[in-house]
Amino acid sequence: MRYNFNEIEANWQKYWADNQTFKAENNSDKEKFYVLDMFPYPSGAGLHVGHPLGYIASDIYARYKRHKGYNVLHPQGYDSFGLPAEQYAIQTGQHPAITTAANIKTYRRQLDQLGFSFDWSREVRTSDPKYYKWTQWVFVQLFNSWYNKDTNKAEDIETLVSKFSSDGNVEVNAVCDEDVGEFSGADWNSFSSKEQQEILLKYRLAYLADTEVNWCPALGTVLANDEIINGVSERGGHPVIRKKMTQWSMRISAYAQRLLDGLDTIDWPQPLKDSQTNWIGRSQGASVTFYTVTSSGVDKRYPIEVFTTRPDTIFGASFMTLAPEHELVAKITLSEQKAEVDAYIEATAKRSERDRMADVKSISGAFTGAYAEHPFTKKPIPIWIGDYVLAGYGTGAVMSVPCGDQRDWDFAKHFNIPIPNIFEGIDISEEAFADKEKSVIANSDFLNGLPYKKAVKTAIYELEKLGQGEGKINYRLRDAVFSRQRYWGEPFPVYYVDGMPQMIATEHLPIELPEVEKYLPTETGEPPLGNATYWAWDSASNEVVANEKIDHKTVFPLDLNTMPGWAGSSQYFNRYMDPHNEAEIFSKAAIDYWQDVDLYIGGIEHATGHLLYSRFWQKFMFDRGYVPQDEFAKKMINQGMITGTSAFIYREEKTARLISKGLVADKKVTPIHADVSLVNASDELDIEGFQKWQPDYKDAEFELENGKYIVGREVEKMSKSKYNVVNPDDIVKEYGADSLRLYEMFLGPLEQSKPWNTSGITGVHGFLKKLWKLFHSGENGTFYVTDSHSSVGGQGEGPSADMLKSLHKTIKKVEEDIENFSFNTSVSTFMICVNELTAQKCTSRAILEPLAILVSPYAPHIAEELWKKLGHSESIAIATFPTFEPQHLVESSKEYPISFNGKMRFKIELPAEMSKEDIEAAVMAHEKTQQQLAGRTPKKVIVVPGKIVNIVG
RNA sequence: GCUCGAGUGGUGGAAUUGGUAGACACGUUGGACUUAAAAUCCAAUGGACAUUAGUCCGUAUGGGUUCAAGUCCCAUCUCGAGUACCA
């Protein structure tokens with residue numbers, strides 16, 4: 001009887017769906033285990049073989065944990081808001097909801113055919129109003145919160161209001177905008193409601209502010225820092241410019257230190273932690289205040305605050321540099337320098353972010369004519385502006401120490417500014433000396449002779465005495481812009497009264513996305529929601545009404561922006577715990593039971609986006625008492641990418657002939673992608689198929705080698721445009737889902753990226769066939785299993801000692817491998833096991849039953865089929881994972897005295913199944929080892945057949 | 001530039017705390033079965049010499065520690081990922 005995988009798989013998938021086999025209960029006496037995948041964005045292209053890699057791994061782990069007796073939560077859903085559906089809508093007029101629904105259908109079919117054990121009853125979609133109701137709700141909670149530095153957590157905004165009305169803001173230690181002035185309790189109470197609202201906005205965790213944003217004209221929207229790669233947009237690669245706009249922002253900077261500290265408490269991959277650490281960019285140093293010198297012609301003693309990590313080099317500061325955008329520039333520039341400075345500012349503003357980054361080498365700047373007083377020497381130092389100082393980092397101003405910083409050195413050299421040397425015995429005539437650990441300070445008054453660390457401390461101490469500085473920690477992490485000028489995203493539950501944002505109460509949520517005729521920005525440049533005619537809020541009836549009813553008395557305009565992609569993905573892992581709850585985001589009982597994610601598998605590309613924002617939201621939710629854990633995922637695994645193996649044909653430039661790879665030599669050729677499905681395993685091109693696929697080459701002349709056209713190969717990212725996409729549907733049809741699952745695991749370590757190569761799948765497919773054949777006798781194809789449970793190694797039809805050994809070796813290895821996520825080596829272990837059992841013609845139930853359970857996480861369908869044939873009525877999903885019983889390998893270990901060369905004696909520990917003679921033979925075979933052992937007296941030598949495993953002592 | 005990570009056959013990759021390097025699989029070659037093909041099964045497969053036994057060389061390169069190094073240490077080279085005027 002043939003191994004008919006297609007039939008078997010379809011049957012079991014239906015059985016699992018009909019019986020809701022993988023439904024997780026929120027009430028269970030079992031210990032919980034939560035295995036989470038990053039939910040997919042349902043793109044129009046469907047899945048390729050690279051996408052399910054992480055899902056297969058998490059499914060293996062989830063099934064394994066179920067076998068181990070855990071109540072496993074393994075949900076799946078869709079991150080279904082996003083740009084591609086919107087752009088498709090712009091081009092075709094098709095509503096994004098329709099394309100999204102169609103794409104989800106394809107995804108679901110593709111996921112189902114791979115046999116995943118998802119609990120689909122908990123499916124969420126971020127674009128579903130029932131879901132985004134709670135995304136909007138979290139936003140409202142953020143709006144209604146502020147960050148108290150004294151308690152080091154987020155608190156209800158009402159606690160801030162009551163502080164303001166009793167004592168003003170002087171005693172309040174909050175994370176807030178920098179431009180809040182001081183006021184007393186009496187002041188606060190005398191402010192108008194609008195003034196109060198304006199002040200509160202500067203404290204809220206979700207706040208509205210005029211911020212300089214990354215504006216992408218081509219996409220017509222702003223982008224967060226993590227959505228920009230090398231100065232162009234991540235999606236589409238369009239240029240990005242700086243622009244001031246009123247935007248919603250998230251005060252994630254309040255959590256910078258906690259986001260760093262939290263990394264020590266979670267088991268996440270080191271590269272991922274490193275990239276979050278770099279992104280947060282903590283740097284410890286000092287803030288120093290310089291004052292402008294009035295005698296140089298400036299009208300006032302303006303303070304200029306700078307941030308430095310090297311306060312020890314303060315005596316080497318020979319000038320200051322301000323960012324061209326710095327607000328003081330206009331105030332301090334002397335009239336004779338004004339023309340030059342203005343020209344420079346204008347020139348910088350014109351340069352796009354990209355130009356500025358591409359052109360790091362060229363040095364430019366302008367002198368303001370003003371001077372600042374050095375805090376210690378009291379000597380005047382010139383104030384310059386230069387675009388190497390960034391407005392967005394620190395205070396946008398630096399004290400320039402050319403002898404200790406290469407950029408300052410280059411700037412000083414270029415503009416002929418003196419470079420005083422403050423390092424003992426260091427030559428700085430060719431470059432700056434930045435190695436702080438090796439520096440000893442000189443020419444620096446009270447810092448002379450001090451090493452780096454002491455010098456820093458002393459400098460800060462002296463600055464504090466002067467009242468001109470203090471130790472400070474600076475973070476690179478900026479607040480996250482939260483508004484997008486797009487259609488296909490969560491609308492804000494916000495309307496505006498007198499220009500001030502008002503939140504819509506929970507009971508009136510969700511605010512559903514309005515219908516629009518066009519998905520493009522309006523002619524006046526408003527976001528796409530500006531096209532909606534039914535988009536105003538009636539605060540009397542609490543409902544969305546038509547724009548024409550706006551009267552600014554009870555009917556007000558709604559916010560025209562939508563939320564960014566990461567909004568919906570920042571709380572989905574918690575919503576899965578109680579996805580159908582309409583009264584709460586999740587019940588207390590549900591979150592208390594499930595707590596957090598035990599294993600999260602997904603791509604590292606979300607390191608500074610989704611994964612950072614989600615940690616921020618979780619910490620916020622923790623502060624406000626909604627969740628019991630302040631990190632949402634205990635363990636994280638980043639699966640590698642499966643790359644494609646592209647095929648190339650070579651067109652000779654002059655003749656347009658298509659030349660086989662081996663004949664190209666040094667001819668000038670253009671490589672052209674060929675569809676990988678037209679190439680066989682020996683890299684031979686199906687010429688006829690190729691011409692059918694690309695009719696342009698119908699008459700092309702092919703230059704063959706040995707009558708074949710051989711293509712070139714290159715490993716690239718799998719993508720439609722490279723014609724190297726392998727569709728899992730095709731693989732499943734030909735080899736079955738179990739083969740695909742096994743093969744993706746067999747391909748290599750989970751965390752590593754590796755190229756796809758379809759021809760290798762025959763190896764694991766052969767394994768499954770062998771497993772099948774083991775218990776189906778050849779002639780009539782009947783299922784055959786010996787039921788005898790006679791003793792180990794005994795006569796009759798029970799399992800032999802060798803069979804038990806094969807099985808238990810496998811149990812041990814597979815269990816260890818699953819716990820370590822080394823799925824590739826456990827697949828090899830299965831193959832060895834089945835080969836050994838086949839050689840021994842094993843038909844014993846006592847071997848087959850545990851083996852079926854063992855294999856079932858990897859190849860669930862065939863395992864279920866065997867399980868059923870063994871006479872079980874329940875699904876294998878609830879079977880118990882076999883335990884390793886070492887007595888089948890080694891019944892006991894004894895110690896034997898062994899002598900070498902008649903001289904040395906030591907005891908060895910050996911398995912009972914080996915005779916003393918065997919051991920001696922094994923040891924003697926290692927002549928080298930013997931020689932090397934001479935002169936030492938090991939306490940113990942651990943031996944397995946033919947091998948010395950360890951020498952102790 | 002900085003921060004991580006990695007270099008093992010023709011290929012993907014194995015190798016517990018240092019303990020027979022190359023498991024397992026692909027590919028290749030030869031054989032069996034077949035009219036033929038597919039499928040299946042068997043054998044060989046790091047290199048060199050020897051073809052019976054065997055010997056020598058081999059984990060990017062050069063050193064070092066150790067009885068013993070793919071594994072630990074130092075230096076160099078190469079590749080990959082992230083980040084980039086962050087003061």
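None of the values given here were measured: they were computed from a predicted structure. Every chain is numbered from 1 and lettered A, B, ... according to where its sequence line falls, protein lines coming before strand lines.
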What pairs of nitrogen or oxygen atoms, one from the protein and one from nucleotides 36-42 of chain B, lie under 3.5 Å apart?
| residue | atom | partner | partner atom | Å |
| --- | --- | --- | --- | --- |
| U40(B) | OP1 | Lys769(A) | NZ | 3.4 |

Ring centre gap for Phe415(A) and Phe319(A) strictly below 6.0 Å: no
Derivation and outcome, ring pair (Phe, Tyr, Trp, His ring centres under 6.0 Å), residues Trp756(A) and Tyr743(A): CA-CA 10 Å; Trp756(A) 178 265; Tyr743(A) 187 50; 5.3 Å; yes
Whole-angstrom distance between U55(B) and U61(B), as gauged at atom P: 25 Å
Whole-angstrom distance between G9(B) and U71(B), as gauged at atom P: 15 Å
Phosphate OP1/OP2 of A87(B) contacted by Tyr393(A) side-chain N/O (<4.0 Å): yes
Interatomic distance, Leu612(A) CG vs G82(B) P [rounded to whole Å]: 17 Å
Nearest-angstrom distance, C1' atom, A43(B) to A48(B): 23 Å
Stepwise salt bridge (Lys or Arg N to Asp or Glu O under 4.0 Å) check, Glu836(A) with Lys805(A): CA-CA 10 Å; Glu836(A) 285 174 1; Lys805(A) 200 164 151 185; over 6 Å; no
Which atom of His374(A) lies closest to which atom of Ile314(A), heavy atoms considered: NE2-O, 2.7 Å
Nearest listed nucleotide, side chain of Ile832(A), among C85(B), C26(B), C24(B): C24(B)
Option passing side-chain hydrogen bond (donor to acceptor under 3.5 Å, both in side chains) with Asp410(A) (candidates Gln406(A), Arg407(A), Lys413(A), His414(A)): Gln406(A)
Residue whose nearest RNA chain B nucleotide is more 5′ - Phe307(A) or Asn757(A): Asn757(A)
Pairwise C1' distance for A38(B) and A32(B), with rounding to whole Å: 16 Å
Tyr475(A) or Val764(A), whichever maps to the more 5' nucleotide of RNA chain B: Val764(A)
Phe746(A) side-chain proximity, nearest of C86(B), A25(B), A87(B): A25(B)
Close side-chain approach of Met641(A) and Met718(A), heavy atoms under 4.5 Å: no
With the criterion being N/O to N/O and under 3.5 Å, what pairs connect the protein with nucleotides 2-10 of chain B, and how long is each?
none

Between P of C24(B) and CG of Asn835(A), the distance in whole Å: 8 Å
Short side-chain N/O contact from Arg476(A) to OP1 or OP2 of A84(B), under 4.0 Å: yes
Nearest-angstrom distance, P atom, U8(B) to G80(B): 14 Å
Residue pair Asn824(A) / Pro749(A): nearest heavy atoms and the distance that separates them: ND2-N, 3.6 Å
Heavy-atom check, side chain of Ser253(A) versus side chain of Tyr475(A), under 4.5 Å: no
Side chains of Phe823(A) and Phe746(A) in contact at under 4.5 Å (non-hydrogen atoms): no
Rounded distance (nearest 0.5 Å) linking atom CG of Leu740(A) with atom NE2 of His765(A): 12.0 Å
Backbone N/O of Trp279(A) and side chain of Arg476(A): donor-acceptor pair under 3.5 Å: yes
Contacting residues from residues 820-827 of chain A, given that a heavy atom lies under 4.0 angstrom of RNA chain B: Asn824(A), Thr825(A)
Spacing of the P atoms in C33(B) and A25(B) (rounded, Å): 25 Å
Pairs satisfying side chain to side chain donor-acceptor pair (under 3.5 Å), at least one member in residues 306-317 of chain A, at least two apart: Arg310(A)-Asp312(A)
Separation of G82(B) C1' from Leu611(A) CG (nearest whole Å): 14 Å
Gap between atoms NZ and P, on Lys813(A) and U16(B) respectively (whole Å): 9 Å
Minimum heavy-atom distance between Gly285(A) and Ile460(A), given as atom pair plus value: O-CD1, 4.1 Å
Minimal non-hydrogen separation, Ser318(A) against Pro382(A), with atom names: O-CD, 3.4 Å
Interatomic distance, Ile280(A) CD1 vs G82(B) C1' [rounded to whole Å]: 15 Å
Atom-to-atom span, CD of Glu751(A) to P of A81(B) - whole angstrom: 17 Å
Spacing of Glu744(A) atom CD relative to A25(B) atom C1', expressed in whole Å: 16 Å
Closest nucleotide among G13(B), A87(B), C24(B) to the Pro749(A) side chain: G13(B)
Base orientation of G9(B), syn vs anti, 90° cut from 0: syn
Same-atom distance (C1') from G46(B) to A14(B), integer angstrom: 15 Å
Heavy-atom pair with the smallest gap, counting every atom of Leu774(A) and Cys842(A): CD1-O, 3.7 Å
Nucleic acid contacts - residues 397-411 of chain A versus RNA chain B, non-hydrogen atoms under 4.0 Å: Val398(A), Arg407(A)
Distance, C1' atom - from G22(B) to G70(B), rounded to whole angstrom: 11 Å
Phe5(A) vs Tyr735(A), ring pair (Phe, Tyr, Trp, His ring centres under 6.0 Å): CA-CA, chis, key distance, verdict: CA-CA 8 Å; Phe5(A) 45 84; Tyr735(A) 301 98; 7.7 Å; no
A81(B) phosphate, OP1 or OP2, under 4.0 Å from Ser753(A) side-chain N/O: no
Shortest non-hydrogen contact between Gln276(A) and Leu263(A), atoms and distance: OE1-CD2, 3.6 Å
Consecutive Watson-Crick or G-U pairs in runs of at least 3, all under 3.5 Å, in which RNA chain B is involved: B:1-7 with B:77-83, B:10-12 with B:24-26, B:27-32 with B:40-45, B:46-49 with B:54-57, B:60-64 with B:72-76
pair Pro269(A)-Met636(A): side-chain heavy atoms closer than 4.5 Å: yes
Atom-pair distance (CD1 on Ile761(A); C1' on U11(B)), nearest Å: 17 Å
